[in-house]
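Here's the structure, in structure tokens; my notes come after.
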Amino acid sequence: MARIVSKECCSIAAMKPSAPHDRIPVLIDCDPGIDDALALMVAAKYTAIAGITTVAGNVPIEHTTNNALSLCELLDLRVPVHQGAAGPLGGDHVTAEHVHGDTGLGNLHLSQPTTQIRTDDAVTFLNQHFLRNPGTRLIALGPLTNVALLLRQHPQVAEYIGGITFMGGSAFGSGNVTASAEFNIFADPEAADIVFKSTVPLEMVGLNLTHQVLMGERHGALLDKTNPISSAAITLLQSYQHLIASGSGVFDVPMHDPSAVLAVSHRELFGFKSRHVMVELQGDLTRGQTVVDERRTTREANMDVAYDVDIDSAITAIQSALS
Ligand code: BDR
Ligand code: CA
């Protein structure tokens with residue numbers, strides 16, 4: 001399948017939300033992670049999840065996998081979970097317990113899962129799934145290690161992937177883990193480089209977008225505490241807000257990974273522009289930074305970058321999924 005990127009910026013004001021949404025079949029690669037957990041709740045409501053793969057990221061792989069299994073049980077999601085990479089292709093292994101808590105879900109402590117991973121070979125699962133189900137879209141919510149390994153070990157699979165929507169990077173060059181780099185890209189820049197240089201149709205949902213979709217405890221307060229999924233979402237939102245806001249919890253926090261899911265399920269709420277995006281692999285201050293070429297004159301676009309979102313509708317859609 002050839003890379004197709006949109007020619008023009010789409011104006012979200014000109015687009016009407018369509019309802020009800022078709023549930024698009026997706027694979028989800030994730031590192032739960034508080035906002036990954038919220039994203040799985042959103043994906044469970046609005047997409048048809050065909051499988052989940054885990055990657056080391058916010059916390060080590062044993063925790064991200066355990067959390068994925070527990071979340072599937074909470075959400076009654078009967079989908080295969082395949083464990084993936086335990087560390088990056090290059091550079092140091094970085095984690096983010098200061099944002100997600102020691103085991104990855106803040107103060108949410110779910111029961112130990114009774115189900116088990118289907119395999120510990122996410123790459124083989126992804127390859128086989130795409131070959132059997134060409135055109136399936138992948139939503140990548142963590143470091144791009146599994147995706148890069150897939151493309152490196154099975155280059156022909158690129159033709160079968162319907163597209164990859166990833167949460168990572170930023171269009172404006174500022175970061176959250178360093179001044180210049182966003183966590184998912186910083187955690188494995190070499191992997192991002194492989195993915196960005198592939199022929200797969202890519203969509204980037206970066207910090208420039210996710211910092212517009214802000215939620216917190218006050219949104220959780222509107223959910224039904226007696227429902228186990230809503231109750232878990234309330235705890236996740238509380239934990240996230242308090243951890244990110246350094247204990248103060250006074251400001252709302254970005255819905256990074258849920259926004260990437262909505263960019264697939266509620267595409268009409270987002271405005272994308274075609275851009276050439278590279279990742280910096282070297283700089284002492286800039287390793288892991290996504291460099292988005294705004295000139296549009298010199299290099300052909302290699303992905304669509306999300307710039308605009310109908311914020312109120314996005315928050316309403318997330319809240320509705322958490323209810
Ligand atoms: C991204 O990094 C992780 O901490 C979050 O889960 C999200 O995927 C935001 O930079
Ligand atoms: Ca994540």
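One-based numbering, in listed order, for ligands and for the atoms of each.
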Asn107-Thr235 side chain donor-acceptor pair, cut-off 3.5 Å
no
NZ/NE/NH1/NH2 to OD/OE distance under 4.0 Å, Arg152 and Glu190
no
Kindly confirm whether the Ca ion (ligand 2) is within less than 3.0 Å of some N/O/S atom in Leu141?
yes
Which of the numbered atoms in ligand 1 are under 4.0 angstrom from any heavy atom belonging to Asn176?
9 (C), 10 (O)
OH/Tyr240 to CD/Glu217 distance, rounded to the nearest 0.5 angstrom?
15.0 Å
Per-atom contacts of ligand 1 with Met167, taking only distances under 4.0 Å to non-hydrogen atoms
1 (C), 7 (C), 8 (O), 9 (C)
Mind checking whether His256 and His211 have parallel, tilted or perpendicular rings, split at 30° and 60°?
tilted
For atom CG of Asp102, decide whether the heavy atoms of other residues, nucleotides or ligands shown that lie under 6.0 angstrom number more than 12.
no
Identity and distance of the protein heavy atom lying nearest atom 6 (O) of ligand 1
Asp35 OD1, 2.5 Å
4.0 Å heavy-atom contact, Val99 with ligand 1:
no
Where ligand 1 meets Phe183 - atom numbers and elements under 4.0 angstrom, heavy-atom basis
2 (O), 3 (C), 4 (O), 10 (O)
Assess, by modelled atom type and distance only, whether the side chains of His82 and Thr119 contain a donor and an acceptor separated by less than 3.5 Å.
yes
Nearest neighbour in protein (non-hydrogen) for atom 3 (C) of ligand 1:
Asn58 OD1, 3.0 Å
Chi angles and distances behind the side chain to side chain contact (heavy atoms under 4.5 Å, CB included) call for Lys225, Ile234:
CA-CA 8 Å; Lys225 294 181 185 55; Ile234 292 168; 3.7 Å; yes
Residue pair Asp252, Gln241: steps toward the side chain to side chain contact (heavy atoms under 4.5 Å, CB included) verdict:
CA-CA 6 Å; Asp252 291 344; Gln241 189 172 20; 3.6 Å; yes
Out of the N/O/S atoms in Asp31, what is the name of the one closest to the Ca ion (ligand 2)?
OD1
CG (Leu243) and CD1 (Ile34) are apart, to the nearest 0.5 Å, by 5.5 Å
Heavy-atom nearest neighbour in the protein, as seen from atom 1 (C) of ligand 1, with distance rounded to 0.1 Å:
Glu182 OE2, 3.2 Å
For the 3.5 Å polar cut-off, considering only N or O atoms, please tell me whether Leu141 and ligand 1 meet it.
yes
Would you find a donor on one side and an acceptor on the other, under 3.5 Å apart, between the side chain of Asn133 and the backbone of Thr136?
no
With respect to His100, determine whether any N or O atom, backbone or side chain, lies less than 3.5 Å from an N or O atom of ligand 1.
yes
If I apply the N/O under 3.5 Å rule, does Asp36 come out as touching ligand 1?
yes
Who's the nearest protein heavy-atom neighbour of atom 8 (O) of ligand 1, and how far?
Asp257 OD1, 2.7 Å
Does Asp36 bring an N, O or S atom to within less than 3.0 Å of the Ca ion (ligand 2)?
yes
Among the N, O or S atoms of Asp257, which one sits nearest to the Ca ion (ligand 2)?
OD2
